[in-house]
Amino acid sequence: MLDKGETAALILLDLSAAFDTVCHHTLCTHLYDAWISHKALAWITSFLSGRTQRVRLPPFLVGATKTTCGVPQGSALSPTLFNIYMALLANIIRSHNLNIVSYADDTQLILSLTKDPTTAKTNLHDGLHAIATWMEKSRIKLNFEKTEVLILGSNRSAWEDSWWPATLGTAPTPTTHARNLGFILDSSLTMTQQANAISSSCFNTLPMLRKIFRWIPTETRKTITHALVSNRLDYSNALYAGTTAKLQKKLQRIQNASARLILNIPRRDHISAHLRDLHWLPVTKRITFKLLIHAHKALHNIGPAYLNERLTFHTPTRQPRSANLALAAVLRIHRTTAGSRSFSYLAAKTWNTLPAHLRQTQDLLTFRKHLKTWLFEQ
């Protein structure tokens, strides 16, 4: 959308206590309709049934009450069951020509505000009413008061209160940034807000680790730092692809400080060799690594559908010698700023810079291993 000069709206729906409101009877009906085998359905029914809950407020203890709704949070099975429960909602949303991206109880709607706005507004009104009706019927509370709207594009004034159905309450005021699955998106997609938040969080953590690391061996330091710092730095880092060198340098400072802390290196010493000793790719290469992993999944149709459909292998009209080099098709872009950072363009361009033997590797684990080795050698 942005590459075509359109302005888009990202609507982040807020579900209140979503996992706790899943009706067991309705869920089992959905599972039956999805042709789940009788044995598996009986096992899942047993997993959900017979659960009780009680409230304890010393010295009082309320008697146990049987639960007829809710999937246990913390169970590996619960997100899958919740996705099955919500699958019908996705079909309803798509029937109103709205794009949906969802993960468990995080649901977002995406629509263009400037391409045929009259039709788009009608689709949004009808879609939101259908969502509210389905949610009420399914005993899921949709909290419109906490629903956020993020406007992406140059025409920020394209969103007006009239886009929001008056029957659903006051229209949300567009925000400058919003947290989506723990990642902060800003209206210009610069990722600056996220980088600042990660930098602040990690540089608050590192001094606390310094106090205890003097008594801890190096391997244990690496494990702790990976859990508390590196994981934050690597979370959704493919979204940093195409961002400014200044922003990526800010993230690199976090990695450098982590390496100095683990290996007890003086501040003024060069860090590159020590990063290699830790077998850590620099931040820019870690971003490239994650982007290419997503590209490999998309090209082999094992990634999310919304990425698979944006990346395909190049199919030449004739059969030259390069026909079997597994090159990705690079789409033409209309706007350098927006289009050059799109997954369909940037991932394809980066993929085509790989040596042929890497592009032709089909097994994902083998590709990851050889890709990391190749990036270290660059």
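Judged purely by atom type and a 3.5 angstrom limit, Ser258 uses its side chain to pair as donor or acceptor with the backbone of Ile254. Checking side-chain atoms of Arg56 against main-chain N and O of Leu61 turns up no donor-acceptor pair under 3.5 Å. The closest donor-acceptor contact from the side chain of Thr67 to the backbone of Cys69 lies at 3.5 Å or more, if one exists at all.
Residues Ile224 and Phe213 form a side-chain contact, since some pair of their non-hydrogen atoms from C-beta on lies under 4.5 Å apart. Counting heavy atoms from C-beta on, the side chains of Pro72 and Arg51 come closer than 4.5 Å. The shortest distance between side-chain heavy atoms of Thr361 and Leu371 does not fall below 4.5 Å. With a 4.5 Å cut-off on side-chain heavy atoms, Lys121 and Leu113 do not count as touching. A 4.5 Å side-chain heavy-atom check between Val283 and Leu233 finds at least one atom pair inside the cut-off.
The side-chain contact (heavy atoms from CB on, under 4.5 Å) test with Ser188 singles out one residue from Asp186, Thr192, Leu185, and that residue is Asp186.
With hydrophobic clusters built from ILVMFWY side chains whose heavy atoms lie under 4.5 angstrom apart, Tyr345 does not share a cluster with Leu331. The cluster map of Ile, Leu, Val, Met, Phe, Trp and Tyr, joined by side-chain heavy atoms under 4.5 Å apart, puts Phe82 and Leu13 in the same cluster.
Distance check, rounded to the nearest 0.5 Å: NE2 of His177 to CE of Met191 gives 13.5 Å. Here Leu239 contributes atom CG and Leu291 contributes atom CG; the two are 10.0 Å apart, rounded to the nearest 0.5 Å.
Taking all atoms of both residues into account, the shortest heavy-atom contact from Ile151 to Ala9 is CD1-CB, 4.1 Å. Summarising the geometry of Phe343 relative to Leu307, their closest heavy-atom pair is CD2-CD2, 3.8 Å, with the distance given to 0.1 Å.
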List the steps, then state whether side-chain hydrogen bond (donor to acceptor under 3.5 Å, both in side chains) holds for Arg232 with Thr205. CA-CA 11 Å; Arg232 298 181 192 176; Thr205 300; 3.2 Å; yes
Take Thr167 and His129 through the side-chain hydrogen bond (donor to acceptor under 3.5 Å, both in side chains) test and state the conclusion after the steps. CA-CA 9 Å; Thr167 54; His129 279 120; 2.5 Å; yes
Worked check of side-chain hydrogen bond (donor to acceptor under 3.5 Å, both in side chains) between Gln248 and Thr243: CA-CA 7 Å; Gln248 295 185 20; Thr243 54; 3.3 Å; yes
Check against side-chain contact (heavy atoms from CB on, under 4.5 Å), Leu124 and His96: CA-CA 8 Å; Leu124 181 60; His96 292 280; over 6 Å; no
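No hydrogens or angles considered: nothing links the side chains of Thr65 and Arg54 as a donor-acceptor pair under 3.5 Å.
For residues 354-368, the set of pairs meeting the salt bridge (charged side-chain N to carboxylate O under 4.0 Å, His left out) definition, not counting sequence neighbours, is empty.
Centroid-to-centroid, the aromatic rings of His30 and Tyr85 come within less than 6.0 Å. A ring-centre distance under 6.0 Å is found for Trp351 and Phe367. Here Phe47 and His24 keep their ring centres 6.0 angstrom or further from each other.
Around the OH atom of Tyr32, the shell of radius 6.0 Å holds no more than 12 heavy atoms that belong to other residues, nucleotides or ligands. For Glu136, the CD atom sits in a loose shell: 12 or fewer heavy atoms of surrounding residues, nucleotides or ligands are nearer than 6.0 Å. Taking a 6.0 Å sphere around CZ of Arg210, one finds it holds 12 or fewer heavy atoms contributed by other residues, nucleotides or ligands.
Between Tyr240 and Phe183, the angle of the ring planes lies from 30° to 60°, which puts this pair in the tilted group.
The existence of a salt bridge linking Asp234 and Lys290 is excluded, since no basic side-chain nitrogen approaches an acidic carboxylate oxygen closer than 4.0 Å.
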